[in-house]
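The structure appears right after this line, and notes come after that.
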Amino acid sequence: MDQDSRIYVAGHNGLVGSALVRRLQAAGFTNLIVRSHGDCDLENQGAVFKLFLEEKPEYVFLAAAKVGGILANATYPVDFIRSNLMVQNNVIDASHFSGVKKLLFLGSSCIYPKLAPQPIKEEYLLTGDLEPTNEWYAIAKIAGIKLCQAYRAQHGLNAIALMPTNLYGPGDNFDLASSHVLPALLRKFHEAKLSGAQEVVMWGTGTPRREFLHVDDLADACLHLMQHYDAPEIVNVGTGEDLTIRELAEQVKTTVGFEGRIVQDTTKPDGTPRKLLDVSRLHGLGWRHRIALAEGIRTTYQWFLDNQAVLRT
Ligand code: GFB
């Protein structure tokens with residue numbers, strides 16, 4: 001990519017898209033194309049093709065997606081499968097028909113089988129049953145990977161697909177009904193500290209293990225692979241380290257400075273027991289994460305405190 005290449009970031013208001021815009025701007029890319037949902041509904045094929053015809057992007061980061069935590073995934077299955085299929089089909093099709101030079105598609109670590117051997121290698125895709133709480137989202141993302149690979153095989157589209165682990169960071173969703181665990185815990189401990197509550201509720205048993213990657217690290221990995229990776233095989237993007245939800249809750253509690261108890265709500269699902277990514281392919285491509293979890297929790301909490309007015313809650 002040249003500094004003045006036309007680069008479209010689809011989903012630039014989201015957690016990942018906004019991090020991508022920050023990273024690309026910091027690297028000196030001057031010709032970024034973005035559209036808010038009101039200006040271009042990515043579920044509308046006509047609107048997407050019009051955008052591509054008008055703006056003629058050369059590089060596309062497809063970070064637009066319907067995302068959410070374990071409860072939102074299980075509650076809104078239609079939204080998670082249908083919206084993601086429509087958005088990714090439109091953007092990938094338009095990328096092909098308008099002749100983009102390269103497309104980067106983002107999947108998720110939840111595409112892998114629920115009981116995949118750990119750490120999860122890329123080749124474990126489609127070797128077993130999915131985790132039921134997020135199979136709708138996972139099926140859409142798997143279809144996106146396959147569409148990228150199909151366009152490459154049939155039409156030579158240079159499309160690559162990355163599988164990020166659980167993400168967090170500035171711009172995250174802090175709405176307790178739809179968020180992921182890390183922003184939910186930050187908010188719950190913070191509000192409990194302010195109100196003087198004695199306890200904070202942690203969903204599930206606390207025993208599932210999760211891997212967390214700061215979204216600024218993901219954006220850096222996307223830029224690196226956009227510039228240095230051109231192959232059909234998917235690439236995991238994570239830290240290669242995980243911890244239990246209970247351990248995460250203890251870390252967030254300490255960072256926030258809450259002094260009460262953590263109690264379990266086992267009416268809420270645990271989800272998959274573990275999904276630690278094998279990141280050897282990523283390391284072999286010359287990229288490693290930089291932001292340690294403790295530092296990332298601290299800076300995300302600071303961001304949460306500094307941005308109360310614009311929080312998604
Ligand atoms: O982050 P999370 O919602 O998604 O939940 P997944 C991770 C774990 O944290 C689960 C527990 O075991 C939850 O029960 N947890 C504890 C909580 N307290 C809370 C809380 O207050 N809020 C939330 N949300 N969880 C998602 C998938 O799975 O991961 C998506 O549903 C996507 O499709 C995403 O792949 C990365 O890690 O279980």
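Just so it is clear, the model here is predicted, and its values are computed rather than measured. Residue numbers start at 1 and run along the sequence shown.
Within 6.0 Å of CD in Glu259 there are 12 or fewer heavy atoms belonging to other residues, nucleotides or ligands. In Gln154, the CD atom is not crowded: 12 or fewer heavy atoms of neighbouring residues, nucleotides or ligands sit closer than 6.0 Å. Applying the 6.0 Å contact sphere to CZ of Arg209 captures more than 12 heavy atoms from other residues, nucleotides or ligands.
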| message | With side-chain contact (heavy atoms from CB on, under 4.5 Å) as the criterion, how do Trp303 and Leu311 come out once you've worked through the C-alpha distance, each side chain's angles and the decisive distance to 0.1 Å? | response | CA-CA 10 Å; Trp303 184 90; Leu311 285 185; 3.4 Å; yes
| task | I would like to know whether Asp175 and Arg187 meet salt bridge (charged side-chain N to carboxylate O under 4.0 Å, His left out); could you show each step before the answer? | result | CA-CA 9 Å; Asp175 167 49; Arg187 178 173 170 190; 5.0 Å; no
| query | Stepwise, does the side-chain contact (heavy atoms from CB on, under 4.5 Å) test hold for Gln88 with Leu42? | reply | CA-CA 8 Å; Gln88 70 203 27; Leu42 297 179; over 6 Å; no
| request: Just do the ring pair (Phe, Tyr, Trp, His ring centres under 6.0 Å) check on Phe174 and Phe304 with the steps written out, would you? | output: CA-CA 9 Å; Phe174 290 85; Phe304 170 83; 4.9 Å; yes
| message | As a quick check of understanding, evaluate salt bridge (charged side-chain N to carboxylate O under 4.0 Å, His left out) for Lys114 and Asp129, giving each step before the final call. | response | CA-CA 6 Å; Lys114 177 185 173 93; Asp129 292 341; over 6 Å; no
| Yes or no on side-chain contact (heavy atoms from CB on, under 4.5 Å) for Thr272 and Leu130, after CA distance, side-chain angles and deciding distance? | CA-CA 9 Å; Thr272 196; Leu130 296 165; over 6 Å; no
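Distance alone, capped at 3.5 Å, places no donor-acceptor pair between the Asp41 side chain and the His37 backbone. Side-chain atoms of Lys141 come within 3.5 Å of backbone atoms of Leu106 as a donor-acceptor pair (strictly under, hydrogens ignored). Remark: side-chain polar atoms of Thr244 are paired, donor with acceptor, to backbone N or O of Glu247 under 3.5 angstrom. Remark: side-chain polar atoms of His96 are not paired, donor with acceptor, to backbone N or O of His155 under 3.5 angstrom. Panel note: side chain Asn307, backbone Val310; no donor-acceptor pair is recorded below 3.5 Å. At distances below 3.5 Å, not a single donor-acceptor pair connects side-chain atoms of Gln198 with backbone N or O atoms of Arg261. Counting only distance, with no hydrogens or angles, the side chain of Gln118 and the backbone of Ala116 share a donor-acceptor pair below 3.5 Å. Remark: the backbone N or O of Met1 is not paired with any side-chain donor or acceptor of Ser5 at under 3.5 angstrom. At least one donor-acceptor pair under 3.5 Å links the side chain of Ser18 to the backbone N or O of Leu15. At distances below 3.5 Å, at least one donor-acceptor pair connects side-chain atoms of Asn90 with backbone N or O atoms of Glu43.
Both Val100 and Met226 are members of a single hydrophobic cluster when ILVMFWY side chains are connected at heavy-atom separations under 4.5 Å. Hydrophobic clustering (ILVMFWY, side-chain heavy atoms < 4.5 Å, transitive): Val215 and Leu182 are in distinct clusters. The hydrophobic clustering, which links ILVMFWY residues whose side-chain heavy atoms are closer than 4.5 Å, places Trp136 and Ile111 together. A continuous path of hydrophobic side-chain contacts links Phe61 to Leu32 [ILVMFWY only; heavy atoms under 4.5 Å].
Between Tyr301 and His190, the angle of the ring planes goes over 60°, which puts this pair in the perpendicular group of the 30/60° scheme. Using cut-offs of 30° and 60° for the angle between ring planes, the Phe97 and Phe49 rings count as tilted.
With a 4.5 Å cut-off on side-chain heavy atoms, His180 and Tyr168 do not count as touching. No side-chain heavy atom of Asp79 sits less than 4.5 Å from a side-chain heavy atom of Asn84. At least one side-chain heavy atom of Leu103 sits less than 4.5 Å from a side-chain heavy atom of Leu62. You'll find the side chain of Glu58 stays beyond 4.5 Å of the side chain of Asn31, heavy atoms only. Phe105 has its side chain out of reach of Leu162: every pair of non-hydrogen atoms, C-beta onward, lies at least 4.5 Å apart. Contact check for Val181 versus Phe212: side-chain heavy atoms found under the 4.5 Å cut-off. Val60 has its side chain out of reach of Leu104: every pair of non-hydrogen atoms, C-beta onward, lies at least 4.5 Å apart. Under the 4.5 Å side-chain criterion, counting only non-hydrogen atoms from C-beta, Lys188 is in contact with Leu176.
Atom CD1 of residue Ile70 and atom OG1 of residue Thr75 lie 10.0 Å apart, to the nearest 0.5 angstrom. Rounding to the nearest 0.5 Å places NE2 of His12 at 12.0 Å from CD1 of Ile33. For the atom pair CG (Leu293) and CG (Leu243), the distance works out to 6.0 Å, reported to the nearest 0.5 Å. With rounding to the nearest 0.5 Å, the separation of OG in Ser109 from CG in Leu276 is 9.5 Å. Within the model, atoms CD of Gln45 and CG of Asn89 stand 9.0 Å from one another, a figure rounded to the nearest 0.5 Å. The CG atom of Leu185 sits 7.5 Å away from atom CD1 of Ile245, with the distance rounded to the nearest 0.5 Å.
In plain terms, the two heavy atoms of His214 and Gly169 that are nearest each other are NE2-CA, 4.1 Å. Here the closest heavy-atom approach between residue Gly107 and residue Tyr137 is recorded as O-OH, 4.5 Å. Scanning both residues, Arg281 and Glu123, for their nearest heavy atoms gives NH2-OE1, 3.9 Å. Residue Leu223 comes nearest to Phe29 through the heavy atom pair CD1-CE1, 3.9 Å, listed as atom of the first residue, atom of the second, then distance. A pairwise comparison of heavy atoms in Glu54 and Arg35 identifies OE1-NH2, 4.4 Å as the closest pair. In terms of heavy atoms, Cys110 sits closest to Ala138 at O-CB, 3.4 Å.
Each of Asp216, Asp217, Asp220 was checked for a side-chain hydrogen bond (donor to acceptor under 3.5 Å, both in side chains) with Arg290, and the lone residue meeting it is Asp220. Residue Val21 is tested with Val16, Val9, Ile7, Asn13 for a side chain to side chain contact (heavy atoms under 4.5 Å, CB included); the sole match is Val9. Considering Thr205, Thr207, Ile262 as possible partners of Arg246, the one that fulfils the side chain to side chain contact (heavy atoms under 4.5 Å, CB included) test is Ile262.
With respect to the salt-bridge test (charged N to carboxylate O, under 4.0 angstrom), the residues Lys275 and Glu131 do not qualify. Ionic pairing of Arg210 and Asp242 is not present here: no N-O contact between side-chain nitrogen and carboxylate oxygen is shorter than 4.0 angstrom.
Annotation: cation-pi geometry not satisfied between Lys193 and Phe258 (NZ/CZ under 6.0 angstrom from ring centroid, within 45° of ring axis).
Using modelled atom types and a 3.5 Å distance limit, the side chains of Asn173 and Ser178 yield a donor-acceptor pair. Side-chain N/O atoms of Thr165 and Glu211 include a donor and acceptor closer than 3.5 Å. Residues Tyr151 and Asp93 bring a donor and an acceptor atom of their side chains to less than 3.5 Å of each other.
The aromatic ring centroids of Tyr8 and Phe52 lie less than 6.0 Å from each other.
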